[in-house]
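Below, read A as the first sequence line, B as the second, and so on, with proteins coming before strands; counting in each chain starts at 1.
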Amino acid sequence: MQWSDQELARRENLEEARNLGLNPYPAMAFPVSHVASDIYKGFPDNPENFKKVVLAGRIMMKRIMGKASFAELQDSSGRMQIYIARDEICPTEDKSHYNLLFKKILDIGDFIGVSGYIFTTQTGEITLHVQELTLLSKSLKPLPVVKTKIDEQTGEEHTYDAFTDPELRYRQRYVDLIVNPAVRETFKKRSKIITAMRRFFDDRGWLEVETPVLQPMHGGAAAKPFKSHHNTLDMPLYLRIANELYLKRLIVGGFDGVYEIGKMFRNEGMDRTHNPEFTSMEIYVAYKDYVWMMEMVEQCLSYITFSVNDGKTKVPVGEHEIEFAGPYRRLTMFDSILEYTGINVSELDEAGLRAVCSSLDIQVDDTMGKGKLIDEIFGAKVEKNLIQPTYITDYPIEMTPLAKKHRSKEGLVERFELFVNGKEIANAYSELNDPIDQRERFEDQLTLAARGDEEAMALDEDFLRALEYGMPPTSGLGIGIDRLTMLLTNNASIQEVLFFPQMKPEKTETTVSANLSFPEANVPEEWVSHLFSLGYTNKEKVLEAGIGKVANELNGWRKKKKLELKGVSPEMVKEWFS
RNA sequence: GAUCCUGUAGCUCAGCCGGUAGAGCAUAUCACUUUUAAUGAUAGGGUCCUGGGUUCGAAUCCCAGCGGGAUCACCA
């Protein structure tokens, strides 16, 4: 591990601090009296309340002017400028606390505690005049220094040297959060959205519950799961792709309303709107139907938007302004296709639908049934046009095995999805509670599976048994929390609303010593430890990664570590493991 | 999985048609007791993601690999 000049300087400063008799990582608590925002709020009207203030935070900038200095202290609420005069923090002849500790030892990123009084500088900035300064924690890595300037004429804020590299921002989210205040705000808002939603449901008497994340069979949605194994029971377990079937069991058990906010896991592609784990909210309410649910969703979303958006229900999203106050437009799936393509698909059979798809240039394959074909047309031609919140209702029965048949329309189910800004954010049914019908629907899914549909739903006997005991008429709803957050924070990428989005692992340097070897392989002694360092601890891992990749990484490692070894070729590596 | 873009100092970036690297901030030293992208002066810091090829010579061209982004495909 090579340290940069700046890291070396910081380690020297750490030693300096110890030489001065300071503990760079003191154990005791440091009680503060305020956070920065308290002071901005309170000082202008009641300056007399700020004669003795204790703050703690991270130094984000130092402006040293000889015997006096300014610095910026960042705490959880924001930044506060502090003013430090040498002769004030060093009243005696010994000026080391200022000359050494403040000017030299303290680096950008260090945590300090300060106490003093609040005043206003000549240029009008509210500032803490420091009388006492304590080192609370030393930082050994240099932070990106982001500077901002407010244009005097326009009042606009200019940012210089912003920390923007998405890879670094996601891999080192802690750095992102330190230097990019807007990122902190996004995640605060995410938390407020969830809190508001929870309050809305709790106020109506519905019960927050938890259901299994590890499930012996994955049901309730069409998706590929992550598979794991339980050793004691010696059986496969799957990370849930949905919790629908468990929540319905709870309705069978007699609760009138249950909801769960939690992670779901789907082993599928990743992109701007998909992460392998994501957060969803599902709610089931007894004695209701999907028409009632549409009103509930309108109230819920307008309540959430109002709560997190300073009393406004209109939200800017990309180039649009979206109004979350209801009622939302309601359009049947067939009518929406008619509206955007001019084609009435309601009377068509499978062959007719295929013809429509090919005339519209939509790719289809043989495994697709009628419902899937209609969904394809909808996805290609309608979805992207639904900017303002719009309910699409009454879906074909084939693609919705858990929804109740429509009360009056043959071949359809009572289902709606809510689209906003061209994306689905909610999905709801009048839930199917007829156990005989449900069994048939599962059997239809088995047929689809036989036809090659990998995501057809499995038959869950215990769930059917629960329905046979009787489930009241119920309406259920799922909302994608990540996508809702994206909308309300005006972010186009799911990675911006997840603290730690999934990434390929970064190569980290670990030093491995001891006598290591590869059984069943003929690796030259001098390379063994380096293979271990790269994470290749057995033959299987090497083969899994691929010979070419391993050879490449070894060469990169050799160069990086300046090893006195000759480079390797894929052929050589192949020989080692043959 | 496909296509395009991208990987240069701690951070943000420049480096035209190939001649062994530049800026700003940050860092170090000095000056400066109300500054605010503080200022002025001086200095250090990178073998340009990895490997291979073309070439007298490659950060720069070609091939392969790895990481990241975008678009598409997939995925409710």
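A:Lys138 meets the salt bridge (Lys or Arg N to Asp or Glu O under 4.0 Å) test with A:Asp107, A:Asp110; sequence neighbours excluded. By the salt bridge (Lys or Arg N to Asp or Glu O under 4.0 Å) test, A:Glu277 pairs with A:Lys263, sequence neighbours left out.
Nucleotides B:U8 and B:C13 place their C1' atoms 9 Å apart, quoted to the nearest Å. To the nearest whole angstrom, the two P atoms, one in B:U50 and one in B:A41, are 36 Å apart. B:G19 and B:A26: their P atoms are spaced 32 Å apart (whole Å). On the P atoms, B:G22 is 13 Å away from B:C16, given to the nearest whole Å. The gap from the P atom of B:U42 to that of B:U6 amounts to 36 Å, rounded to the nearest Å. Going from the P atom of B:A38 to that of B:G24 covers 16 Å, rounded to whole Å. Nucleotides B:G18 and B:C61 place their P atoms 8 Å apart, quoted to the nearest Å. One C1' atom belongs to B:A9, the other to B:C49, and the distance between them is 15 Å to the nearest Å.
Side-chain contact between A:Ile397 and A:His406: absent, with no pair of heavy atoms (C-beta onward) separated by less than 4.5 Å.
The nucleotide B:A64 finds its pairing partner in B:U50, both defining distances of the Watson-Crick or G-U wobble pair being shorter than 3.5 Å. Base pairing of B:A70: its partner is B:U3, meeting the Watson-Crick or G-U wobble criterion (both donor-acceptor distances under 3.5 Å). Nucleotide B:U55 has no partner under the Watson-Crick or G-U criteria, as no pair reaches both atom distances under 3.5 Å. Of the nucleotides present, B:A43 is the one that pairs with B:U27 by Watson-Crick or G-U wobble criteria, both distances under 3.5 Å. The partner of B:U20, taking Watson-Crick or G-U wobble pairs whose two distances both stay under 3.5 Å, does not exist in any strand shown.
For A:Arg272, a side-chain nitrogen or oxygen approaches OP1 or OP2 of B:U71 to under 4.0 Å.
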(request) Summarise protein proximity over nucleotides 25-35 of chain B in one line of letters, 5' to 3': B for base, S for sugar-phosphate only, - for none, counting protein heavy atoms closer than 4.0 Å. (result) SBS-S--BBBB
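In plain terms, the two heavy atoms of A:Ala458 and A:Met217 that are nearest each other are CB-CE, 3.8 Å.
Nucleic acid contact class of A:Phe102 (heavy atoms, under 4.0 Å, all strands): none. In this structure, A:Arg483 reaches neither bases nor backbone, as no heavy-atom distance under 4.0 Å exists between it and the strands shown. No contact: A:Gln172 has no heavy atom under 4.0 Å from any strand. Within the 4.0 angstrom heavy-atom criterion, no nucleotide atom of any strand lies near A:Thr159. Nucleic acid contact class of A:Asp165 (heavy atoms, under 4.0 Å, all strands): sugar-phosphate only. No contact: A:Ser69 has no heavy atom under 4.0 Å from any strand.
In this entry the distance linking CD of A:Gln502 with P of B:G68 reads 10 Å, nearest Å. The interatomic distance linking A:Asp176 (CG) with B:U12 (P) rounds to 11 Å, in whole Å. As rounded to whole Å, 15 Å separates atom C1' of B:G68 from atom CG of A:Asp271. Atom P of nucleotide B:A37 and atom NE2 of A:His158 are separated by 12 Å, given to the nearest angstrom. Summarising the geometry, the separation between CZ on A:Phe163 and P on B:G24 is reported as 22 Å, rounded to the nearest angstrom. Rounded to whole Å, the distance from CE on A:Met270 to C1' on B:C72 is 17 Å. If you measure from atom CZ of A:Arg169 to atom C1' of B:U6, you get 17 Å, rounded to the nearest angstrom.
Evaluation of the side-chain hydrogen bond (donor to acceptor under 3.5 Å, both in side chains) test over residues 158-167 of chain A, restricted to residues two or more places apart or in two chains, returns A:Glu167-A:Arg171. Applying the side-chain hydrogen bond (donor to acceptor under 3.5 Å, both in side chains) rule to pairs touching residues 373-382 of chain A yields nothing, sequence neighbours excluded.
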Return a table of donor-acceptor pairs under 3.5 angstrom between the side chains of residues 490-499 of chain A and protein atoms on other chains or two or more places apart.
| residue | atom | partner | partner atom | Å |
| --- | --- | --- | --- | --- |
| A:Asn490 | OD1 | A:Gly318 | N | 2.8 |
| A:Asn491 | ND2 | A:Thr489 | OG1 | 3.0 |
| A:Ser493 | OG | A:Gln495 | N | 3.2 |
| A:Glu496 | OE1 | A:Arg169 | NH2 | 2.8 |
| A:Glu496 | OE2 | A:Arg169 | NH1 | 3.0 |
| A:Glu496 | OE2 | A:Arg169 | NH2 | 3.4 |
| A:Glu496 | OE2 | A:Tyr170 | OH | 2.8 |

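Side-chain atoms of A:Lys504 lie closest to B:G68 of the nucleotides B:U12, B:G68, B:C75.
Under the 30°/60° scheme for interplanar angles, the aromatic rings of A:Tyr328 and A:Tyr391 are found to be tilted.
Under 3.5 Å, the side chains of A:Tyr83 and A:Gln81 contain no donor-acceptor pair of N or O atoms.
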